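Structure first, then comments.
All values derive from a computational prediction rather than experimental measurement. Only heavy atoms go into these numbers, but all of them, side chains included; no hydrogens, no water, no symmetry mates.
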Amino acid sequence: MAKKLREAIERYAMPLDEEALDALVEEAGHAEVVMIGEASHGTHEFYKIRAELSKRLIQEKGFTIVAVEGEWPAAAAVNRFVKGFVEDGSAQDVLQQSFGRWPTWMWVNEEVKEFVEWLKQHNDDLPEMSKAGFYGIDMYSLYESIDELLKFLSENPQYGTDLTLARQAFSCFEPYNRMPEHYALSTAHFSDECISEVATLLSSIRRNEERFASHHEEDLNVTMNALVAKNAEAYYREMMQDDAISWNTRDLHMVEAINELKKYHGPDAKLIIWEHNTHIGDASETSMKDDNMINVGQLIREEYGLNNTFAIGFGTYEGSVIAADSWGAPLERMTVPPAKFNTWEGQMHAAGPEDKVLLFTDDNRQLFNEWIGHRAIGVVYNPEFEAYGNFVPSRVGSRYDGFIFIDQSTALHPL
């Protein structure tokens with residue numbers, strides 16, 4: 001198997017250069033939804049190349065939505081900045097002031113700052129409807145999203161009914177000291193009061209969306225924060241019970257958020273997703289399916305069709321990465337050890353120790369579809385134990401439509 005895979009890589013891989021990026025942009029550009037992954041949340045090359053691909057898709061292929069694995073309220077502040085809805089501040093200011101939740105380095109870094117600066121410059125001379133936006137589709141911001149709703153609805157007394165519902169939702173979660181984990185721990189004794197409050201709030205807002213002014217996307221902001229509140233409640237309620245169920249709830253929310261963005265911007269809107277490989281690489285082509293887990297990549301392909309979506313994965317053989325050794329711990333610059341020979345990354349390296357690009361097509365996918373371990377590094381990483389949990393068995397040729405391999409990667413640059 002190893003020899004056949006290595007020969008297929010040697011035959012189809014392109015050196016990572018402008019010509020290869022041209023080919024990726026051309027192949028991806030026809031899709032409505034392009035999903036660009038990363039094999040860690042702390043690698044410079046993944047962020048840099050993802051940003052360069054996104055710039056070209058925006059400039060050359062008409063994409064206007066960048067949806068990221070970040071929280072809605074924090075990303076909404078970045079969106080207001082890049083679209084010129086606020087006059088003051090800098091890209092660094094808005095990132096540092098908005099993304100305060102650990103792990104901050106995911107978004108508060110030099111690589112994202114450069115992209116945000118570019119996005120603002122790109123938008124400056126465009127009419128509002130043509131500007132490219134930056135949106136968060138994750139769901140950890142339970143309290144922040146309710147705060148945003150309370151602030152907006154309090155400043156607009158004509159929405160009194162929704163304000164009452166938002167206050168009732170806030171009062172339901174208030175006993176948990178703004179710590180969703182405390183709510184999760186309480187679920188052994190919870191009633192369905194909080195479930196009902198956030199569901200009623202979202203239903204009311206959806207039923208009357210046309211009332212909210214579209215100025216500076218205020219209507220979208222109201223709907224999305226209500227959606228986060230409803231789905232985050234379910235996520236935190238489930239996280240203490242079953243990892244697969246809470247994972248699925250999170251990815252289902254992200255797909256719902258993507259569909260809201262598509263609906264809001266119109267049927268012709270084209271969207272780029274930035275998330276970890278484990279979210280955008282089709283779960284049905286991995287061992288995740290054995291645990292009844294789904295993900296964004298699988299659901300988006302099923303909803304929009306293979307011909308209307310494009311997923312790009314990333315990987316590295318060895319290098320350095322920003323991560324932490326436990327949840328909530330300070331960031332560290334860690335060494336990524338060489339991948340074992342019998343892994344996807346080991347085979348990519350064995351086929352030649354240079355950066356490369358693969359495009360998977362109907363003609364060649366099967367050559368890359370033997371089950372093989374594929375490296376995934378999270379925000380928590382312990383290199384000495386990675387052989388026991390950082391490689392996801394995958395059929396790489398069908399998990400993605402394209403793959404970018406960095407042989408020697410380097411760590412992200414946190415601000």
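- Residues W105 and N109 form no side-chain contact, since every pair of their non-hydrogen atoms from C-beta on lies 4.5 Å or further apart.
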Let's go through E128 and K131 carefully: what are the C-alpha distance in whole Å and the side-chain angles of both, what is the deciding distance for salt bridge (Lys or Arg N to Asp or Glu O under 4.0 Å) to 0.1 Å, and is it a yes or a no?
CA-CA 5 Å; E128 183 168 329; K131 294 178 188 288; over 6 Å; no
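- Formation of a donor-acceptor pair under 3.5 Å by the N248 side chain with backbone atoms of I294 is found in this model.
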Run the salt bridge (Lys or Arg N to Asp or Glu O under 4.0 Å) check on E148 and K151 step by step: do they pass?
CA-CA 5 Å; E148 289 285 312; K151 181 176 183 293; over 6 Å; no
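- Although no hydrogens or angles enter the test, the distance criterion places a donor-acceptor pair under 3.5 Å between the side chain of H30 and the main chain of N307.
- Residues L227 and N231 have side chains in contact (heavy-atom distance under 4.5 Å, counting atoms from C-beta outward).
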Between K356 and E354, does the salt bridge (Lys or Arg N to Asp or Glu O under 4.0 Å) criterion hold? Intermediate values first, please.
CA-CA 6 Å; K356 51 180 77 78; E354 64 275 329; 3.7 Å; yes
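- Residues E345 and A339 share a closest heavy-atom pair of CB-CB, 3.7 Å.
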R101 and E144: CA distance, side-chain angles, deciding distance, salt bridge (Lys or Arg N to Asp or Glu O under 4.0 Å) verdict:
CA-CA 11 Å; R101 186 189 300 274; E144 294 88 345; 2.6 Å; yes
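- Ion pair E26/R56 not flagged as a salt bridge, since none of the NZ, NE, NH1 or NH2 atoms sits closer than 4.0 Å to an Asp/Glu carboxylate oxygen.
- Here the two rings, on F81 and F134, have centers that are 6.0 Å apart or farther.
- Using a 4.5 Å cut-off on side-chain heavy atoms (C-beta onward), D138 and V228 make no contact.
- Results of the side chain to side chain donor-acceptor pair (under 3.5 Å) test with E111 over H413, R50, K48 single out H413 as the only residue that passes.
- Formation of a donor-acceptor pair under 3.5 Å by the S145 side chain with backbone atoms of S141 is found in this model.
- A centroid separation of 6.0 Å or more is found between the aromatic rings of F403 and F360.
- Using a distance-only test at 3.5 Å, with no hydrogens or angles considered, a donor-acceptor pair links the side chain of T343 to the main chain of K340.
- Checking side-chain atoms of S90 against main-chain N and O of D93 turns up a donor-acceptor pair under 3.5 Å.
- Considering only heavy atoms from C-beta on, V112 stays 4.5 Å or farther from V68 through its side chain.
- Not one N or O on the side chain of H44 forms a donor-acceptor pair closer than 3.5 Å with the backbone of V321.
- H279 has its ring centre less than 6.0 Å from the ring centre of W247.
- Salt bridge status for R399 with D282: absent, with no side-chain N to carboxylate O gap under 4.0 Å.
- By the 4.5 Å heavy-atom criterion applied to side chains, M288 and Q298 are not counted as neighbours.
- Looking at heavy atoms from C-beta onward, E71 lies out of side-chain contact with M139 at the 4.5 angstrom threshold.
- Within a 6.0 Å radius of CD in E384, more than 12 heavy atoms belonging to other residues, nucleotides or ligands are found.
- Contact record, Y381 with A323: CB-CB, 3.7 Å, taken as the closest heavy-atom pair.
- In this structure, P267 and E32 approach most closely via the heavy-atom pair O-OE1, 4.0 Å.
- Ring pair H265/Y135 is perpendicular by interplanar angle, where above 60° counts as perpendicular and below 30° as parallel.
- A donor-acceptor contact shorter than 3.5 Å links the side chain of T316 to the backbone of E318.
- Each of L149, I146, L220 was scored for a side chain to side chain contact (heavy atoms under 4.5 Å, CB included) with N225, with one residue passing: L149.
- The two residues A23 and L359 make their nearest non-hydrogen contact at CB-CD1, 4.0 Å.
- The backbone N or O of E110 lies less than 3.5 Å from no partner atom in the side chain of Y47, so there is not a single donor-acceptor pair.
- Taking both residues in full, the closest heavy atoms of A31 and F310 are given as CB-N, 4.1 Å, listed atom of the first, atom of the second, then distance.
- Side-chain rings of H374 and Y400 approach one another, their centers coming within less than 6.0 Å.
- A donor-acceptor contact shorter than 3.5 Å links the side chain of S40 to the backbone of G42.
- The only member of L53, N277, D401 that meets side chain to side chain contact (heavy atoms under 4.5 Å, CB included) when paired with I312 is L53.
- Under the 6.0 Å cut-off for aromatic ring centres, Y140 and H253 do not qualify, their centroids lying 6.0 Å or more apart.
- Taking every heavy atom of both residues into account, S287 and V392 meet most closely at OG-CG1, 4.0 Å.
- Without hydrogens or angle criteria, H276 side chain to T278 main chain gives a donor-acceptor distance under 3.5 Å.
- Counted by atom type alone, Y317 and Q408 present zero donor-acceptor pairs between their side chains at under 3.5 Å.
- Checked for salt-bridge contact, E69 and R250 meet the test: a charged N lies under 4.0 Å from a carboxylate O.
- For W274 and F115, the ring centers are positioned less than 6.0 Å apart.
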